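These numbers were taken from a predicted model, which means no experiment stands behind them. Both counts, for ligands and for their atoms, begin at 1 and track the order of listing.
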Amino acid sequence: MEFLEIVGGARLKGTIDISGAKNAALPIMAASILVDGETTLHNVPDLADVRQMQLLLTRLGVKAERDDEGVMRLCVKDEMNVCAEYNLVNKMRASVCVMGPLLAKRKRAQVSMPGGCAIGDRPIDLHVRGLEGLGADHDLVNGDVILRAKKLTGTDIFLGGPFGSSVTATANVMMAATLATGRTVIDSAACEPEIVDLAAFLNACGARISGQGTPQIVIEGVESLTGTEHSIVADRIEAGTYMIAAAITNGDVEVRNARIDHLQAVVDRLRRVGVIIERAEQGISVSSSRRLEPVQATTQPYPGFPTDLQAQLMVLLCLADGNSMITEKVFPDRFLHVGELNRMGAMLRKEGPTVIIEGVKRLVGAQVMASDLRASAALVLGGLVAKGTTRIHRVYHIDRGYEQIEKKLAGVGANIRRLQE
Ligand code: UD1
């Protein structure tokens with residue numbers, strides 16, 4: 001098994017190119033099920049999760065090929081299969097994004113229920129409720145959700161849940177509603193940039209979606225969608241991770257292609273910490289040259305501070321002068337990194353959905369275990385600044401969502417290598 005070895009202490013300096021967003025690419029790939037003809041996607045990142053979605057789509061009769069330049073061509077060849085099996089869904093939760101497209105295009109969807117995962121319980125009740133609202137019947141058989149509908153009909157759907165809006169539930173209902181008869185209004189819709197990107201793709205295919213990026217999305221159903229070309233939006237979570245890498249190493253880095261308008265809450269918190277952030281010609285420049293101030297942060301659905309950057313912010317705050325606090329309001333149990341960061345000398349205390357972060361003078365290198373995608377990124381950030389050597393095991397978690405992380409970091413001066421156990 002592979003692991004990452006980092007010798008901490010290097011100041012990062014230079015430019016990092018940001019890839020296309022995983023969380024936009026996955027639902028857009030799933031949306032190709034809805035499309036007649038060929039879909040061409042540009043800026044598709046080379047990630048384990050993208051390969052996993054390719055595999056699932058192949059099983060569902062979609063030919064999906066990605067070249068080395070990040071161009072993916074997708075085309076439906078066979079519409080017989082409607083089943084996303086357990087052994088595929090349990091490897092990647094975003095597999096659930098095929099549910100809406102299968103139901104709308106093939107009148108039936110059978111998707112294995114994704115169980116809990118490292119970041120907590122992850123129910124799909126909102127997905128099912130939204131699709132039922134469009135007229136589907138649903139059943140649970142042997143752990144699979146089975147949805148059927150001869151015809152979908154537009155309606156008003158409220159998609160708010162106990163933790164606010166749901167990103168992939170919004171994606172599923174929006175995708176299904178594109179081919180429903182009449183008008184669908186989704187209230188309490190997710191406003192994430194990845195939803196806006198999905199809507200842009202669907203509209204380019206002939207869908208009639210408006211209001212994307214706001215909590216109310218309106219979809220006028222159309223008869224069919226036709227193939228188009230689309231470029232995947234830049235990954236704001238990858239960008240935020242490298243912005244924190246620059247900050248934590250007192251570095252000076254430009255994250256090229258990153259969209260500052262998608263990172264306002266992150267920029268706000270980082271500036272409060274004392275990090276210097278400016279709009280650059282082709283992205284965002286980030287530098288830091290002094291001790292960091294403590295802050296409070298609360299994760300929320302977009303445009304709030306993203307839960308997918310909570311662990312990374314936490315490791316930065318470990319090195320602030322004083323006590324900080326992070327409250328997790330999207331996935332209240334998403335704190336597996338706390339124990340691992342404490343092994344590196346952090347002083348973190350978890351109290352319910354909040355972690356109190358006592359600033360320390362330094363982190364120290366250790367052997368640590370990646371537990372989920374973003375927690376693993378936080379360990380990498382810790383390793384960059386820790387005294388001595390850090391080894392991060394179970395690196396496959398990182399490969400799910402960061403394209404060539406060690407190459408990108410080494411390119412700006414980090415001492416990082418991928419090695420074999
Ligand atoms: C997406 C992202 C993930 C990110 C998360 C929150 C993708 C592929 N993944 O995941 O990286 O961490 O948004 O920004 O885009 N919930 C329910 N019922 C449901 C669905 C969700 O109660 O049917 C709850 C969840 O448990 C969670 C909250 O709603 O507490 C938000 O989850 P959701 O936005 O659905 O996350 P995902 O779409 O799975």
CD1/Ile157 to CG/Leu159 distance, rounded to the nearest 0.5 angstrom? 6.5 Å

Could you list which atoms of ligand 1 come closer than 4.0 Å to a heavy atom of Thr307? 6 (C), 12 (O), 14 (O)

Listing request: all salt bridge (charged side-chain N to carboxylate O under 4.0 Å, His left out) pairs with a residue in residues 138-157, at least two apart in sequence or in separate chains. none

Hey, is Arg93 touching ligand 1 through its side chain, its backbone, both or neither, going by heavy atoms under 4.0 Å? side chain

Atoms of ligand 1 close to His127 [distance to a heavy atom under 4.0 angstrom, numbered from 1]: 23 (O)

Ligand 1 N/O within reach of Lys22 N/O, cut-off under 3.5 Å: no

In ligand 1, which numbered atoms sit nearer than 4.0 Å to a non-hydrogen atom of Arg334? 12 (O)

Pull out every atom of ligand 1 sitting under 4.0 Å from any heavy atom of Val330, numbered as shown with elements. 6 (C), 27 (C), 28 (C), 30 (O), 31 (C)

For atom CZ of Arg51, decide whether the heavy atoms of other residues, nucleotides or ligands shown that lie under 6.0 angstrom number more than 12. yes

Please confirm whether Glu192 comes within less than 3.5 Å of ligand 1 when only nitrogen or oxygen atoms on both sides are compared. no

Leu126 and ligand 1 - part of the residue with a heavy-atom distance under 4.0 Å: both

Polar proximity ligand 1 side, Phe163 side, N/O cut 3.5 Å exclusive: no

Closer than 4.0 angstrom: is that true for some heavy atom of Gly161 and an atom of ligand 1? no

Should Pro123 be counted as touching ligand 1, given the test is an N or O pair under 3.5 Å? yes

ring-ring contact (aromatic ring centres under 6.0 Å, His included) partners for Phe3, two or more places apart: His393

After noting the C-alpha distance and the side-chain angles of Arg59 and Asp78, does the key distance pass the salt bridge (charged side-chain N to carboxylate O under 4.0 Å, His left out) rule? CA-CA 10 Å; Arg59 297 272 176 88; Asp78 181 349; over 6 Å; no

What do you reckon, does Val167 have a nitrogen or oxygen under 3.5 Å from a nitrogen or oxygen of ligand 1? yes

I'd like to know whether ligand 1 has Gln310 as a neighbour, heavy-atom separation below 4.0 Å. no

Which residue is it: Glu340, Glu5, Glu2? I am looking for the one with a salt bridge (charged side-chain N to carboxylate O under 4.0 Å, His left out) to Arg391. Glu5

Can you tell me how far NE2 of His138 sits from CG of Leu147, rounded to the nearest 0.5 angstrom? 7.0 Å

With respect to Tyr402, which candidate in His397, Arg374, Glu238 satisfies the side chain to side chain donor-acceptor pair (under 3.5 Å) definition? Arg374

If we set the cut-off at 4.0 Å for heavy atoms, which region of Ala94 has an atom near ligand 1: side chain, backbone, both, or neither? side chain

Using the side-chain contact (heavy atoms from CB on, under 4.5 Å) rule, pick out the option among Ile18, Asn257, Val266, Leu263 that qualifies with Ile284. Leu263

